[in-house]
Enquirer: 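Shown below is the structure under consideration.
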There are 2 protein chains.
Amino acid sequence: MPQENSAAKVLHHLKQDVLAGYFEAGQKLKMSQLKERYQVGVNPLREALSQLVVMQLVQVQDQRGYRVCPVSQAELLDIYDTRARIESLCVGLAIERGDDAWEAGIVAAAYRLQSNAALLQGNGDLQAWEQLHQQFHHAIVMGCGSEELLRVRLHLYEKASRYRNLWLQHNAGHAAFDVNQMEHEQLVAAVLARDVTSSQALVQKHILVPSRVLQNLLE
Amino acid sequence: MPQENSAAKVLHHLKQDVLAGYFEAGQKLKMSQLKERYQVGVNPLREALSQLVVMQLVQVQDQRGYRVCPVSQAELLDIYDTRARIESLCVGLAIERGDDAWEAGIVAAAYRLQSNAALLQGNGDLQAWEQLHQQFHHAIVMGCGSEELLRVRLHLYEKASRYRNLWLQHNAGHAAFDVNQMEHEQLVAAVLARDVTSSQALVQKHILVPSRVLQNLLE
DNA sequence: TTTTTTAATAATGTCGATATTTTAGTACCG
DNA sequence: CGGTACTAAAATATCGACATTATTAAAAAA
């Protein structure tokens, strides 16, 4: 088994903590605090933080340490807008290139997502649902066959996580998810029908939904 | 003046050295060697290398150190293909959103590029030309107004650098650059005419030119 | 009271040293 | 002669400690 070094382990935890909002946006990340939490020395921490800086989740000021990247309405809009365009690109290529296994994967992921719709009710596990949700969309775009494009897409997905969590919590138990599920059905139908234009339109609209709601939440 | 820490300085040098091919693809990066070259300790080096890992220019194997990412024909194709699509996206948005200052910037950058065409002759400075070339294309796409999209584009441009250098050296003094310059003129005309379709077609084709040539160079 | 200066405190960035692991070389055995 | 096991050397990953720099608190001057 590949025992990864402690920088890699702490990177994983730290990233999750930033994305999940354990560390708030703009918060200072003190070394003493992080050493305590992750039980490692300064150097693995600096390695992990350096990587998060490249991922644009953490900022560094020389001689003044690290802090979580602030969030802003402008960034929210930019990220979601860009995500919508990239996702659209992926969907177009996937429809062009996808084979039988790809289609089967979509149907399977859609089924699993729908089967676990209860996760959205009342006190369900929203993060677990989001994972299935993401797996569903990934099943579609993975057909594009481009590692680079999928990497770009993943990066934007992660950068959007902090905003998305706000949306998920805001919508907990609400009816907004019903619309969401309907959009999924429409998307599956359009993709399997290999209808590029309407698939792209649907997926763009689908991604931009939280963006509109979140604009009101951020101040 | 902002005196950056030594990890940031070494990151810059190391990145340039990798992109410019001073360290060959697949080569092992020994700490003793790097300490010697950049005159810093192990920890700033590990920070810089960690960042290059996120940028996908360097690979890390646990307990086995770092090595430059290998190059491959598959990656070459993927990067250039993806770049062409992203650039096309940027161009479309830029035409939609660009203002007068944007148009002026394009004309200025095109003029400077053409004025320095001599850099391509015989023993000219290809890297200097490439910088002007890139500034020209940046002048066009910056009109898209999306930080995120431009960042994705820059990332792909940098990832393509090692392949592009091969192309530049291969074409040194050849006639391939004449075609290149003609394509630039056509692109400027189409962009200023706000013709989205032909601008996108031109820029996609333009980016993919080196890709075809390089496929033959890589084994 | 407000501002400036100074001292104390805390945090950051870097190096040298050390334990652990990998790699290379060599002898041994089948 | 080829392959395996053992030994020596080198390289990596991490920690503790120290010098430098920022931040806070207190004291003095306006």
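Only this structure's heavy atoms are used, side chains among them; waters, hydrogens and symmetry mates stay out.
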Enquirer: Please work out which of the three classes, parallel, tilted or perpendicular, describes the rings of H137(B) and H133(B), given edges at 30° and 60°.
Expert: perpendicular
Enquirer: CG of D100(A): more than 12 outside heavy atoms within 6.0 angstrom?
Expert: no
Enquirer: May I ask you to check whether over 12 heavy atoms, not counting those of Q131(A), lie within 6.0 Å of atom CD?
Expert: no
Enquirer: Please check if the number of heavy atoms outside H206(B) that lie under 6.0 Å from its NE2 is greater than 12.
Expert: yes
Enquirer: How long is the line joining CG of L45(A) and C1' of dA11(C), in whole Å?
Expert: 14 Å
Enquirer: Enter the distance from R212(B):CZ to L77(B):CG here, rounded to the nearest 0.5 Å.
Expert: 11.0 Å
Enquirer: Any residue in residues 27-34 of chain A with a heavy atom nearer than 4.0 angstrom to DNA chain C? Just list them by number, or reply none.
Expert: K28(A), L29(A), K30(A), M31(A)
Enquirer: What is the separation between atom NZ on K9(A) and atom P on dT14(D), rounded to the nearest whole Å?
Expert: 8 Å
Enquirer: Take atom CG of D62(A) and atom C1' of dT21(D), then tell me their distance rounded to the nearest Å.
Expert: 10 Å
Enquirer: Is K30(B) atom NZ crowded by more than 12 heavy atoms from other residues, nucleotides or ligands, each under 6.0 Å away?
Expert: no
Enquirer: Any protein N or O atoms within reach of nucleotides 14-16 of chain C? Criterion: under 3.5 Å, listing atom names and distances.
Expert:
residue	atom	partner	partner atom	Å
dT14(C)	OP1	S6(B)	N	2.6
dT14(C)	OP1	S6(B)	OG	2.6
dT14(C)	O5'	S6(B)	OG	3.4
dC15(C)	OP2	G41(B)	N	2.8
dC15(C)	N4	N43(B)	ND2	3.0

Enquirer: Would you call the rings of Y163(A) and Y80(A) parallel, tilted or perpendicular if under 30° counts as parallel and over 60° as perpendicular?
Expert: perpendicular
Enquirer: Rounded to the nearest 0.5 Å, what separates atom OG in S211(A) from atom CZ in R83(A)?
Expert: 10.0 Å
Enquirer: Quickly work out the Q63(B) CD to dA13(D) P distance and round it to whole Å.
Expert: 6 Å
Enquirer: In whole angstrom, what separates Q59(B)'s CD from dT12(D)'s P?
Expert: 15 Å
